[in-house]
Amino acid sequence: MNVLDKVISAVSPQTGLKRASARKQLQVMNQGYGNHGASTKKKSLLGWLAGSGSALEDIEYNIDKLRGRSRDLFMGAPLATGALKTMRTNVIGSGLKLNAQIDYEYLNLTTDQADLWETQVEREFSLWADSLHCDVQRMNNFYELQQLAFLSWLASGDVFALLPVIPRVGMPYDLRVKLIEADRVCTPNKQLLNQDNKIVNGVEVTPAGEIFAYHIAKNHPHSLSVQNNEWSRVPKFGAKTGRPNIIHLMESERPEQRRGVPILAPVMESLKQLSRYTEAELMAAVISGMYTVFVTTETNEKTDEFGSGIADEDLIDEQDDTSLELGNGSVHFLGENEKIQESNPGRPNVAFDGFVTSICRQIGAALEIPYELLLKNFTSSYSASRGALLEAWKMFRMRRDWMANDFCQPIYEEFLAEGIAKGRIHAPGFFTDPLARKAYSTAEWNGPSQGQLDPLKEVKAAEKRVDNGFTTRTRETIELTSGDFFKNHALRVREEKARKDGGLTTEDTSSEKGSKNESEEVEE
(Lines give C-alpha, C1' and ligand atoms only; values in the text may rest on other atoms or scores of the structure.)
Protein backbone atom coordinates (compact mmCIF):
# COMPACT_ATOMS: atom_id res chain seq x y z
CA MET A 1 0.00 0.00 0.00
CA ASN A 2 1.18 3.51 -0.76
CA VAL A 3 1.04 6.42 1.69
CA LEU A 4 -2.33 7.68 0.33
CA ASP A 5 -3.94 4.28 0.77
CA LYS A 6 -2.64 4.07 4.34
CA VAL A 7 -4.08 7.48 5.19
CA ILE A 8 -7.46 6.62 3.64
CA SER A 9 -7.55 3.29 5.45
CA ALA A 10 -6.85 5.01 8.77
CA VAL A 11 -9.63 7.56 8.25
CA SER A 12 -12.16 5.21 6.54
CA PRO A 13 -11.33 1.50 6.71
CA GLN A 14 -14.30 0.61 4.42
CA THR A 15 -13.15 2.96 1.65
CA GLY A 16 -9.60 1.66 2.01
CA LEU A 17 -10.86 -1.91 1.63
CA LYS A 18 -12.71 -1.00 -1.60
CA ARG A 19 -9.57 0.62 -3.03
CA ALA A 20 -7.52 -2.45 -2.19
CA SER A 21 -10.13 -4.73 -3.77
CA ALA A 22 -10.26 -2.61 -6.94
CA ARG A 23 -6.47 -2.66 -7.16
CA LYS A 24 -6.47 -6.44 -6.88
CA GLN A 25 -9.12 -6.77 -9.61
CA LEU A 26 -7.07 -4.52 -11.87
CA GLN A 27 -4.06 -6.77 -11.39
CA VAL A 28 -6.14 -9.79 -12.38
CA MET A 29 -7.44 -7.98 -15.49
CA ASN A 30 -3.89 -7.31 -16.62
CA GLN A 31 -2.80 -10.91 -16.66
CA GLY A 32 -2.65 -13.22 -19.68
CA TYR A 33 -4.47 -11.59 -22.63
CA GLY A 34 -5.25 -8.73 -20.29
CA ASN A 35 -1.60 -7.77 -20.56
CA HIS A 36 -1.61 -8.00 -24.35
CA GLY A 37 -4.57 -7.80 -26.77
CA ALA A 38 -7.08 -7.06 -23.99
CA SER A 39 -4.84 -4.64 -22.09
CA THR A 40 -6.44 -1.62 -20.46
CA LYS A 41 -3.12 0.03 -19.56
CA LYS A 42 -1.18 0.23 -22.82
CA LYS A 43 -1.61 3.60 -24.48
CA SER A 44 -1.65 2.03 -27.93
CA LEU A 45 -4.83 0.13 -26.98
CA LEU A 46 -6.65 2.68 -24.80
CA GLY A 47 -8.45 4.23 -27.78
CA TRP A 48 -9.43 0.86 -29.25
CA LEU A 49 -13.13 0.64 -28.40
CA ALA A 50 -14.38 -2.56 -30.03
CA GLY A 51 -18.03 -3.39 -29.46
CA SER A 52 -19.13 -7.02 -29.38
CA GLY A 53 -22.61 -8.06 -30.41
CA SER A 54 -24.43 -11.11 -31.66
CA ALA A 55 -24.59 -12.11 -35.30
CA LEU A 56 -27.88 -10.23 -35.44
CA GLU A 57 -26.35 -6.86 -34.48
CA ASP A 58 -22.99 -7.31 -36.16
CA ILE A 59 -24.20 -8.82 -39.45
CA GLU A 60 -27.95 -8.92 -40.00
CA TYR A 61 -28.59 -5.22 -39.25
CA ASN A 62 -25.86 -4.16 -41.72
CA ILE A 63 -26.64 -6.51 -44.60
CA ASP A 64 -28.54 -4.02 -46.79
CA LYS A 65 -25.80 -1.39 -46.65
CA LEU A 66 -23.03 -3.94 -47.26
CA ARG A 67 -24.94 -5.39 -50.20
CA GLY A 68 -25.47 -1.99 -51.84
CA ARG A 69 -21.85 -0.93 -51.44
CA SER A 70 -20.57 -4.26 -52.72
CA ARG A 71 -22.60 -3.98 -55.92
CA ASP A 72 -21.52 -0.37 -56.36
CA LEU A 73 -17.87 -1.47 -56.16
CA PHE A 74 -18.53 -4.27 -58.64
CA MET A 75 -20.10 -1.82 -61.10
CA GLY A 76 -17.57 1.00 -60.70
CA ALA A 77 -14.26 -0.22 -59.24
CA PRO A 78 -12.16 -2.17 -61.77
CA LEU A 79 -10.18 -3.99 -59.09
CA ALA A 80 -13.36 -5.22 -57.38
CA THR A 81 -14.85 -6.29 -60.71
CA GLY A 82 -11.66 -8.15 -61.59
CA ALA A 83 -11.53 -9.92 -58.21
CA LEU A 84 -15.07 -11.28 -58.44
CA LYS A 85 -14.77 -12.29 -62.09
CA THR A 86 -11.41 -13.95 -61.44
CA MET A 87 -13.07 -16.13 -58.81
CA ARG A 88 -16.03 -16.86 -61.08
CA THR A 89 -13.81 -17.82 -64.02
CA ASN A 90 -11.50 -20.11 -62.03
CA VAL A 91 -14.12 -21.73 -59.80
CA ILE A 92 -16.96 -22.18 -62.30
CA GLY A 93 -15.51 -21.41 -65.73
CA SER A 94 -17.86 -22.68 -68.42
CA GLY A 95 -19.71 -24.67 -65.74
CA LEU A 96 -19.15 -27.62 -63.40
CA LYS A 97 -19.74 -30.82 -65.39
CA LEU A 98 -21.39 -33.94 -63.99
CA ASN A 99 -19.26 -37.05 -63.54
CA ALA A 100 -21.51 -39.73 -62.04
CA GLN A 101 -19.62 -42.01 -59.61
CA ILE A 102 -22.09 -44.49 -58.12
CA ASP A 103 -21.24 -46.86 -55.29
CA TYR A 104 -21.40 -49.99 -57.47
CA GLU A 105 -20.21 -52.29 -54.65
CA TYR A 106 -23.23 -51.52 -52.44
CA LEU A 107 -25.53 -51.81 -55.46
CA ASN A 108 -24.01 -55.21 -56.41
CA LEU A 109 -23.04 -54.01 -59.87
CA THR A 110 -19.93 -54.82 -61.88
CA THR A 111 -17.66 -52.03 -63.02
CA ASP A 112 -18.93 -52.44 -66.60
CA GLN A 113 -22.56 -52.23 -65.45
CA ALA A 114 -21.77 -49.17 -63.35
CA ASP A 115 -20.04 -47.51 -66.28
CA LEU A 116 -23.04 -48.12 -68.56
CA TRP A 117 -25.43 -46.73 -65.92
CA GLU A 118 -23.29 -43.63 -65.36
CA THR A 119 -23.02 -42.99 -69.10
CA GLN A 120 -26.80 -43.22 -69.51
CA VAL A 121 -27.47 -40.86 -66.59
CA GLU A 122 -24.93 -38.32 -67.84
CA ARG A 123 -26.62 -38.42 -71.25
CA GLU A 124 -30.04 -37.85 -69.68
CA PHE A 125 -28.73 -35.04 -67.50
CA SER A 126 -27.10 -33.40 -70.52
CA LEU A 127 -30.50 -33.43 -72.26
CA TRP A 128 -31.89 -31.31 -69.41
CA ALA A 129 -28.83 -29.23 -68.41
CA ASP A 130 -27.84 -28.15 -71.93
CA SER A 131 -31.31 -26.79 -72.64
CA LEU A 132 -32.72 -23.37 -71.78
CA HIS A 133 -35.82 -25.19 -70.51
CA CYS A 134 -34.06 -25.94 -67.21
CA ASP A 135 -34.31 -22.22 -66.41
CA VAL A 136 -37.71 -20.83 -65.38
CA GLN A 137 -36.94 -17.70 -67.42
CA ARG A 138 -35.61 -19.71 -70.39
CA MET A 139 -32.53 -17.52 -70.58
CA ASN A 140 -29.67 -19.72 -69.33
CA ASN A 141 -28.77 -23.38 -69.37
CA PHE A 142 -27.69 -25.11 -66.15
CA TYR A 143 -24.01 -24.20 -66.53
CA GLU A 144 -24.78 -20.53 -67.13
CA LEU A 145 -27.06 -20.59 -64.09
CA GLN A 146 -24.05 -21.76 -62.07
CA GLN A 147 -22.05 -18.75 -63.24
CA LEU A 148 -24.87 -16.34 -62.44
CA ALA A 149 -25.57 -17.87 -59.02
CA PHE A 150 -21.91 -17.84 -58.01
CA LEU A 151 -21.33 -14.25 -59.14
CA SER A 152 -24.50 -13.11 -57.39
CA TRP A 153 -23.39 -14.84 -54.19
CA LEU A 154 -20.00 -13.10 -54.33
CA ALA A 155 -21.50 -9.64 -54.85
CA SER A 156 -24.58 -9.90 -52.62
CA GLY A 157 -23.53 -12.35 -49.92
CA ASP A 158 -26.13 -14.94 -50.77
CA VAL A 159 -28.51 -16.05 -53.49
CA PHE A 160 -31.56 -18.33 -53.58
CA ALA A 161 -32.87 -20.90 -56.04
CA LEU A 162 -36.41 -22.26 -56.21
CA LEU A 163 -37.02 -25.70 -57.73
CA PRO A 164 -40.53 -25.58 -59.22
CA VAL A 165 -42.05 -28.29 -61.42
CA ILE A 166 -43.21 -26.78 -64.74
CA PRO A 167 -44.11 -29.04 -67.72
CA ARG A 168 -42.90 -27.79 -71.10
CA VAL A 169 -43.38 -29.05 -74.63
CA GLY A 170 -40.43 -30.98 -76.01
CA MET A 171 -38.73 -31.52 -72.64
CA PRO A 172 -39.36 -34.83 -70.83
CA TYR A 173 -38.15 -33.39 -67.51
CA ASP A 174 -40.29 -30.88 -65.60
CA LEU A 175 -37.75 -29.72 -62.99
CA ARG A 176 -36.87 -26.02 -63.30
CA VAL A 177 -34.44 -23.68 -61.55
CA LYS A 178 -35.40 -20.12 -60.64
CA LEU A 179 -32.72 -17.86 -59.18
CA ILE A 180 -33.88 -15.28 -56.63
CA GLU A 181 -31.78 -12.20 -55.87
CA ALA A 182 -30.85 -11.73 -52.22
CA ASP A 183 -32.88 -8.51 -51.76
CA ARG A 184 -36.19 -10.22 -52.51
CA VAL A 185 -35.90 -12.46 -49.46
CA CYS A 186 -36.86 -9.97 -46.74
CA THR A 187 -39.19 -9.51 -43.80
CA PRO A 188 -42.79 -8.70 -44.80
CA ASN A 189 -43.99 -5.23 -43.94
CA LYS A 190 -47.40 -6.20 -42.61
CA GLN A 191 -47.58 -9.74 -41.37
CA LEU A 192 -48.34 -11.02 -37.89
CA LEU A 193 -46.36 -14.05 -36.80
CA ASN A 194 -46.84 -16.40 -33.92
CA GLN A 195 -44.90 -15.48 -30.83
CA ASP A 196 -42.95 -18.75 -31.09
CA ASN A 197 -41.56 -17.77 -34.51
CA LYS A 198 -39.43 -14.89 -35.70
CA ILE A 199 -38.17 -13.60 -39.04
CA VAL A 200 -34.59 -12.46 -39.56
CA ASN A 201 -34.13 -10.65 -42.88
CA GLY A 202 -36.79 -12.81 -44.49
CA VAL A 203 -35.59 -16.06 -42.90
CA GLU A 204 -38.14 -17.62 -40.56
CA VAL A 205 -36.62 -19.61 -37.71
CA THR A 206 -38.11 -21.72 -34.93
CA PRO A 207 -37.41 -21.11 -31.24
CA ALA A 208 -34.76 -23.82 -31.48
CA GLY A 209 -33.00 -21.85 -34.25
CA GLU A 210 -33.99 -24.15 -37.12
CA ILE A 211 -34.56 -22.43 -40.46
CA PHE A 212 -38.16 -23.25 -41.29
CA ALA A 213 -39.19 -21.02 -44.20
CA TYR A 214 -38.24 -18.06 -46.39
CA HIS A 215 -40.35 -15.00 -47.20
CA ILE A 216 -39.94 -13.87 -50.81
CA ALA A 217 -41.21 -10.51 -52.08
CA LYS A 218 -43.02 -10.51 -55.39
CA ASN A 219 -41.22 -7.31 -56.46
CA HIS A 220 -37.74 -6.14 -55.66
CA PRO A 221 -38.00 -4.06 -52.45
CA HIS A 222 -35.92 -1.26 -53.99
CA SER A 223 -37.76 -1.29 -57.31
CA LEU A 224 -39.44 1.86 -58.62
CA SER A 225 -42.61 -0.13 -59.22
CA VAL A 226 -45.72 1.50 -57.76
CA GLN A 227 -47.46 -1.82 -57.22
CA ASN A 228 -48.13 -2.98 -53.69
CA ASN A 229 -45.61 -5.62 -52.75
CA GLU A 230 -46.67 -9.09 -51.68
CA TRP A 231 -44.74 -11.87 -49.99
CA SER A 232 -44.79 -15.62 -50.52
CA ARG A 233 -43.84 -17.94 -47.69
CA VAL A 234 -41.80 -20.90 -48.98
CA PRO A 235 -41.04 -23.74 -46.51
CA LYS A 236 -37.44 -24.89 -46.70
CA PHE A 237 -38.48 -28.55 -47.13
CA GLY A 238 -41.68 -30.22 -48.24
CA ALA A 239 -43.77 -31.38 -45.27
CA LYS A 240 -44.66 -34.78 -46.80
CA THR A 241 -41.68 -35.61 -49.03
CA GLY A 242 -38.82 -33.76 -47.36
CA ARG A 243 -37.97 -32.42 -50.80
CA PRO A 244 -35.96 -29.16 -50.76
CA ASN A 245 -38.19 -26.35 -52.00
CA ILE A 246 -35.47 -23.72 -51.99
CA ILE A 247 -31.68 -23.62 -52.06
CA HIS A 248 -29.88 -20.95 -50.06
CA LEU A 249 -26.30 -20.27 -51.14
CA MET A 250 -24.31 -18.49 -48.43
CA GLU A 251 -21.05 -18.80 -46.53
CA SER A 252 -21.38 -18.66 -42.75
CA GLU A 253 -18.75 -16.87 -40.71
CA ARG A 254 -20.49 -16.98 -37.32
CA PRO A 255 -22.88 -19.40 -35.54
CA GLU A 256 -26.57 -18.44 -35.68
CA GLN A 257 -25.98 -16.34 -38.79
CA ARG A 258 -28.94 -16.40 -41.17
CA ARG A 259 -27.83 -14.26 -44.13
CA GLY A 260 -24.54 -14.10 -46.02
CA VAL A 261 -22.00 -11.27 -46.13
CA PRO A 262 -20.62 -9.99 -49.48
CA ILE A 263 -17.10 -11.24 -49.97
CA LEU A 264 -15.85 -7.68 -50.49
CA ALA A 265 -17.08 -6.55 -47.05
CA PRO A 266 -13.67 -6.62 -45.27
CA VAL A 267 -11.96 -4.63 -48.04
CA MET A 268 -14.69 -2.18 -49.03
CA GLU A 269 -12.96 0.88 -47.59
CA SER A 270 -9.63 -0.02 -49.19
CA LEU A 271 -11.25 -0.61 -52.58
CA LYS A 272 -13.26 2.60 -52.47
CA GLN A 273 -10.33 4.77 -51.41
CA LEU A 274 -8.07 3.13 -53.98
CA SER A 275 -10.70 3.76 -56.66
CA ARG A 276 -10.91 7.44 -55.68
CA TYR A 277 -7.13 7.75 -55.65
CA THR A 278 -6.86 6.13 -59.08
CA GLU A 279 -9.50 8.44 -60.55
CA ALA A 280 -7.73 11.49 -59.09
CA GLU A 281 -4.38 10.40 -60.50
CA LEU A 282 -5.93 9.71 -63.89
CA MET A 283 -7.57 13.12 -64.03
CA ALA A 284 -4.36 14.83 -62.91
CA ALA A 285 -2.42 13.03 -65.63
CA VAL A 286 -4.98 14.03 -68.29
CA ILE A 287 -4.87 17.69 -67.24
CA SER A 288 -1.07 17.61 -67.16
CA GLY A 289 -1.03 16.23 -70.68
CA MET A 290 -2.98 19.29 -71.88
CA TYR A 291 -0.12 21.67 -70.87
CA THR A 292 -2.25 23.72 -68.51
CA VAL A 293 -1.54 27.42 -67.91
CA PHE A 294 -3.07 29.86 -65.44
CA VAL A 295 -3.48 33.56 -66.26
CA THR A 296 -2.89 36.08 -63.48
CA THR A 297 -3.78 39.74 -63.80
CA GLU A 298 -3.30 42.90 -61.76
CA THR A 299 -6.60 44.39 -62.97
CA ASN A 300 -10.19 43.30 -62.44
CA GLU A 301 -10.87 43.09 -66.18
CA LYS A 302 -10.96 39.77 -68.07
CA THR A 303 -9.83 39.85 -71.66
CA ASP A 304 -10.27 36.20 -72.58
CA GLU A 305 -12.48 33.39 -71.32
CA PHE A 306 -11.16 29.89 -70.75
CA GLY A 307 -12.35 27.70 -73.54
CA SER A 308 -12.53 30.51 -76.07
CA GLY A 309 -9.55 29.04 -77.86
CA ILE A 310 -11.32 25.70 -78.30
CA ALA A 311 -13.41 24.95 -81.36
CA ASP A 312 -17.16 25.04 -80.76
CA GLU A 313 -17.59 21.42 -81.81
CA ASP A 314 -15.04 20.33 -79.18
CA LEU A 315 -16.76 22.07 -76.26
CA ILE A 316 -18.62 19.59 -74.08
CA ASP A 317 -19.96 21.68 -71.18
CA GLU A 318 -20.39 25.24 -72.43
CA GLN A 319 -23.79 25.58 -70.73
CA ASP A 320 -22.22 25.44 -67.25
CA ASP A 321 -20.67 28.81 -66.32
CA THR A 322 -18.87 27.28 -63.33
CA SER A 323 -16.78 24.86 -65.40
CA LEU A 324 -13.52 25.66 -67.18
CA GLU A 325 -12.51 23.64 -70.24
CA LEU A 326 -8.97 22.97 -71.38
CA GLY A 327 -7.93 21.81 -74.81
CA ASN A 328 -4.87 20.20 -76.31
CA GLY A 329 -2.52 22.96 -77.42
CA SER A 330 -5.13 25.70 -76.88
CA VAL A 331 -3.94 29.35 -76.93
CA HIS A 332 -5.31 32.22 -74.84
CA PHE A 333 -4.43 35.82 -75.76
CA LEU A 334 -3.40 37.91 -72.79
CA GLY A 335 -4.27 41.48 -72.08
CA GLU A 336 -2.32 44.27 -70.45
CA ASN A 337 -0.72 43.44 -67.07
CA GLU A 338 -1.42 39.70 -67.55
CA LYS A 339 1.23 37.01 -67.34
CA ILE A 340 1.47 33.23 -67.71
CA GLN A 341 2.10 30.86 -64.82
CA GLU A 342 2.63 27.23 -65.77
CA SER A 343 0.97 24.45 -63.78
CA ASN A 344 3.20 21.48 -63.01
CA PRO A 345 1.17 18.82 -61.18
CA GLY A 346 4.05 16.33 -61.36
CA ARG A 347 2.08 13.65 -63.18
CA PRO A 348 2.31 10.82 -63.84
CA ASN A 349 3.13 10.07 -60.20
CA VAL A 350 6.19 7.80 -60.01
CA ALA A 351 5.04 6.42 -56.64
CA PHE A 352 1.59 5.47 -57.93
CA ASP A 353 2.41 1.92 -59.05
CA GLY A 354 4.25 0.96 -55.87
CA PHE A 355 1.50 2.27 -53.62
CA VAL A 356 -1.28 0.56 -55.58
CA THR A 357 0.65 -2.71 -55.55
CA SER A 358 1.06 -2.50 -51.78
CA ILE A 359 -2.66 -1.97 -51.24
CA CYS A 360 -3.48 -4.75 -53.71
CA ARG A 361 -1.34 -7.16 -51.69
CA GLN A 362 -3.51 -6.49 -48.64
CA ILE A 363 -6.75 -6.77 -50.61
CA GLY A 364 -5.55 -9.98 -52.23
CA ALA A 365 -4.63 -11.46 -48.84
CA ALA A 366 -8.15 -10.79 -47.53
CA LEU A 367 -9.78 -12.28 -50.65
CA GLU A 368 -7.32 -15.21 -50.79
CA ILE A 369 -6.20 -14.13 -54.26
CA PRO A 370 -2.43 -13.48 -54.63
CA TYR A 371 -1.86 -10.01 -56.02
CA GLU A 372 -0.12 -11.47 -59.09
CA LEU A 373 -3.39 -13.15 -60.03
CA LEU A 374 -5.49 -10.22 -58.85
CA LEU A 375 -3.62 -7.84 -61.16
CA LYS A 376 -2.83 -10.48 -63.83
CA ASN A 377 0.82 -9.47 -63.49
CA PHE A 378 3.22 -12.43 -63.51
CA THR A 379 6.60 -10.74 -63.55
CA SER A 380 8.24 -12.78 -60.79
CA SER A 381 10.22 -15.99 -61.22
CA TYR A 382 8.61 -19.24 -62.35
CA SER A 383 8.69 -20.66 -58.82
CA ALA A 384 7.13 -17.55 -57.26
CA SER A 385 4.40 -17.31 -59.89
CA ARG A 386 3.61 -21.03 -59.64
CA GLY A 387 3.50 -20.76 -55.85
CA ALA A 388 0.99 -17.91 -56.14
CA LEU A 389 -1.20 -19.95 -58.49
CA LEU A 390 -1.08 -23.00 -56.25
CA GLU A 391 -2.06 -20.91 -53.23
CA ALA A 392 -4.98 -19.39 -55.14
CA TRP A 393 -6.15 -22.80 -56.30
CA LYS A 394 -6.53 -23.98 -52.72
CA MET A 395 -9.25 -21.37 -52.39
CA PHE A 396 -10.71 -22.05 -55.85
CA ARG A 397 -11.04 -25.77 -55.13
CA MET A 398 -12.60 -25.13 -51.73
CA ARG A 399 -15.22 -22.84 -53.24
CA ARG A 400 -15.79 -25.26 -56.12
CA ASP A 401 -16.51 -28.09 -53.66
CA TRP A 402 -18.82 -25.76 -51.75
CA MET A 403 -20.68 -24.80 -54.94
CA ALA A 404 -20.96 -28.44 -56.01
CA ASN A 405 -22.27 -29.57 -52.61
CA ASP A 406 -24.73 -26.73 -52.03
CA PHE A 407 -26.01 -26.02 -55.56
CA CYS A 408 -25.16 -28.62 -58.19
CA GLN A 409 -25.62 -31.79 -56.14
CA PRO A 410 -29.07 -30.98 -54.67
CA ILE A 411 -30.39 -30.06 -58.11
CA TYR A 412 -28.87 -33.22 -59.62
CA GLU A 413 -30.53 -35.37 -56.96
CA GLU A 414 -33.90 -33.77 -57.75
CA PHE A 415 -33.31 -34.42 -61.44
CA LEU A 416 -32.37 -38.03 -60.72
CA ALA A 417 -35.49 -38.60 -58.64
CA GLU A 418 -37.68 -37.29 -61.46
CA GLY A 419 -35.92 -39.41 -64.07
CA ILE A 420 -36.31 -42.58 -61.98
CA ALA A 421 -39.94 -41.80 -61.13
CA LYS A 422 -40.73 -41.37 -64.84
CA GLY A 423 -38.95 -44.61 -65.78
CA ARG A 424 -36.29 -42.99 -67.92
CA ILE A 425 -33.58 -44.11 -65.49
CA HIS A 426 -33.51 -47.59 -63.90
CA ALA A 427 -32.45 -47.54 -60.23
CA PRO A 428 -34.03 -50.26 -58.03
CA GLY A 429 -34.39 -49.30 -54.36
CA PHE A 430 -33.86 -45.58 -54.94
CA PHE A 431 -37.11 -44.53 -53.21
CA THR A 432 -37.15 -47.25 -50.54
CA ASP A 433 -33.55 -47.54 -49.32
CA PRO A 434 -31.77 -44.33 -48.18
CA LEU A 435 -28.37 -45.98 -48.67
CA ALA A 436 -29.30 -47.02 -52.21
CA ARG A 437 -30.48 -43.46 -52.93
CA LYS A 438 -27.12 -42.11 -51.76
CA ALA A 439 -25.23 -44.78 -53.72
CA TYR A 440 -27.00 -43.83 -56.94
CA SER A 441 -26.63 -40.08 -56.32
CA THR A 442 -22.87 -39.96 -55.72
CA ALA A 443 -21.15 -37.76 -58.29
CA GLU A 444 -18.16 -35.53 -58.97
CA TRP A 445 -18.36 -32.05 -60.44
CA ASN A 446 -15.41 -31.10 -62.59
CA GLY A 447 -14.55 -27.52 -63.50
CA PRO A 448 -11.83 -25.65 -65.41
CA SER A 449 -8.29 -26.93 -65.05
CA GLN A 450 -5.54 -25.08 -63.24
CA GLY A 451 -3.46 -22.66 -65.30
CA GLN A 452 -0.01 -23.82 -66.43
CA LEU A 453 2.99 -21.52 -66.53
CA ASP A 454 5.20 -24.18 -68.13
CA PRO A 455 3.07 -26.91 -69.78
CA LEU A 456 6.08 -29.17 -70.45
CA LYS A 457 7.04 -29.29 -66.77
CA GLU A 458 3.43 -29.85 -65.74
CA VAL A 459 3.01 -32.77 -68.18
CA LYS A 460 6.26 -34.42 -67.05
CA ALA A 461 5.19 -34.11 -63.42
CA ALA A 462 1.82 -35.69 -64.29
CA GLU A 463 3.59 -38.58 -66.05
CA LYS A 464 5.70 -39.28 -62.95
CA ARG A 465 2.66 -39.18 -60.66
CA VAL A 466 0.87 -41.73 -62.90
CA ASP A 467 3.93 -43.97 -63.24
CA ASN A 468 4.40 -44.06 -59.44
CA GLY A 469 0.73 -44.74 -58.77
CA PHE A 470 0.11 -41.45 -56.97
CA THR A 471 -2.82 -40.65 -59.27
CA THR A 472 -4.65 -41.94 -62.35
CA ARG A 473 -4.73 -41.00 -65.99
CA THR A 474 -8.38 -40.06 -65.58
CA ARG A 475 -7.58 -37.63 -62.79
CA GLU A 476 -4.61 -36.07 -64.58
CA THR A 477 -6.66 -35.62 -67.76
CA ILE A 478 -9.22 -33.66 -65.80
CA GLU A 479 -6.59 -31.61 -63.96
CA LEU A 480 -4.59 -30.67 -67.06
CA THR A 481 -7.27 -30.24 -69.73
CA SER A 482 -10.69 -30.78 -68.06
CA GLY A 483 -11.09 -33.65 -70.53
CA ASP A 484 -12.30 -37.27 -70.31
CA PHE A 485 -9.57 -39.90 -70.48
CA PHE A 486 -11.79 -42.71 -71.77
CA LYS A 487 -13.30 -40.55 -74.50
CA ASN A 488 -9.80 -39.40 -75.44
CA HIS A 489 -8.57 -42.99 -75.43
CA ALA A 490 -11.35 -44.22 -77.70
CA LEU A 491 -10.78 -41.32 -80.09
CA ARG A 492 -7.01 -41.88 -80.11
CA VAL A 493 -7.50 -45.55 -81.02
CA ARG A 494 -9.55 -44.46 -84.03
CA GLU A 495 -7.02 -41.77 -84.95
CA GLU A 496 -4.02 -44.10 -84.80
CA LYS A 497 -5.87 -46.74 -86.83
CA ALA A 498 -6.73 -44.12 -89.47
CA ARG A 499 -3.11 -42.97 -89.60
CA LYS A 500 -1.87 -46.51 -89.95
CA ASP A 501 -4.43 -47.33 -92.66
CA GLY A 502 -3.39 -44.18 -94.49
CA GLY A 503 0.28 -45.16 -94.39
CA LEU A 504 1.28 -42.18 -92.22
CA THR A 505 2.80 -44.31 -89.45
CA THR A 506 3.89 -47.88 -88.73
CA GLU A 507 4.67 -49.89 -85.64
CA ASP A 508 8.41 -49.87 -86.46
CA THR A 509 8.70 -46.10 -86.81
CA SER A 510 6.65 -45.57 -83.66
CA SER A 511 9.01 -47.82 -81.72
CA GLU A 512 12.05 -46.04 -83.11
CA LYS A 513 10.57 -42.68 -82.24
CA GLY A 514 9.87 -43.84 -78.69
CA SER A 515 13.45 -45.11 -78.30
CA LYS A 516 14.82 -41.84 -79.62
CA ASN A 517 12.74 -39.82 -77.15
CA GLU A 518 13.90 -42.03 -74.28
CA SER A 519 17.56 -41.55 -75.26
CA GLU A 520 17.06 -37.78 -75.43
CA GLU A 521 15.60 -37.77 -71.90
CA VAL A 522 18.58 -39.77 -70.63
CA GLU A 523 20.98 -37.22 -72.17
CA GLU A 524 19.07 -34.37 -70.48
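Quick note: numbers below take in every heavy atom, side chains included, and nothing from hydrogens, waters or symmetry partners.
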For this session: Output yes when E372 and R386 qualify as a salt bridge under the 4.0 Å nitrogen-oxygen rule, no when they do not.
Result: no
Exercise. Are the charged groups of K438 and D433 less than 4.0 angstrom apart, N to O?
Worked result: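 Between D433 and K438 there is no salt bridge, as every charged N stays at least 4.0 Å from the carboxylate O atoms.
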For this session: Take F486 and T477 through the test side chain to side chain contact (heavy atoms under 4.5 Å, CB included) and record every step on the way to the result.
Result: CA-CA 10 Å; F486 290 102; T477 303; over 6 Å; no
Side-chain donor/acceptor of [X] to backbone N/O of [Y], under 3.5 Å:
X: S70; Y: S156; result: no
X: R400; Y: N90; result: yes
X: K65; Y: N62; result: no

So, [X] and [Y]: side-chain donor and acceptor under 3.5 Å apart, yes or no?
X: R254; Y: Q257; answer: no
X: E269; Y: Q273; answer: no
X: S223; Y: N219; answer: no
X: W445; Y: Q409; answer: yes
X: N201; Y: E60; answer: yes
X: K198; Y: T206; answer: no

Tell me every residue that passes salt bridge (Lys or Arg N to Asp or Glu O under 4.0 Å) with [X], counting only those two or more places apart in sequence or in another chain.
X: K272; value: D72
X: K422; value: D174, E418
X: R492; value: none
X: D64; value: R67

Exercise. Between L163 and R176, is a side chain to side chain contact (heavy atoms under 4.5 Å, CB included) present by the stated rule, with each step listed?
Worked result: CA-CA 6 Å; L163 302 177; R176 306 290 176 253; over 6 Å; no
Just jot down the side chain to side chain donor-acceptor pair (under 3.5 Å) partners of [X], sequence neighbours excluded, or say none.
X: E124; result: Y173, R424
X: N488; result: none
X: S252; result: none
X: D115; result: none

Problem set entry | Inter- and intrachain pairs under ring pair (Phe, Tyr, Trp, His ring centres under 6.0 Å), touching residues 53-102, at least two apart |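 Qualifying pairs: none.
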For this session: Please collect all salt bridge (Lys or Arg N to Asp or Glu O under 4.0 Å) contacts where either partner lies in residues 134-161, sequence neighbours excluded, each pair once.
Result: D158-R259
For this session: Taking ring pair (Phe, Tyr, Trp, His ring centres under 6.0 Å) as the test, write out the residues that go with H426, two or more places apart.
Result: none
For this session: Establish, for the pair K236 and Y214, whether the NZ or CZ atom is under 6.0 angstrom from the six-membered ring centre and no further than 45 degrees off its axis.
Result: no
Can you give the donor-acceptor pairs under 3.5 Å from side chains of residues 359-367 to other protein atoms, not counting sequence neighbours?
from: R361; atom 1: NH2; to: Y371; atom 2: OH; distance (Å): 3.0

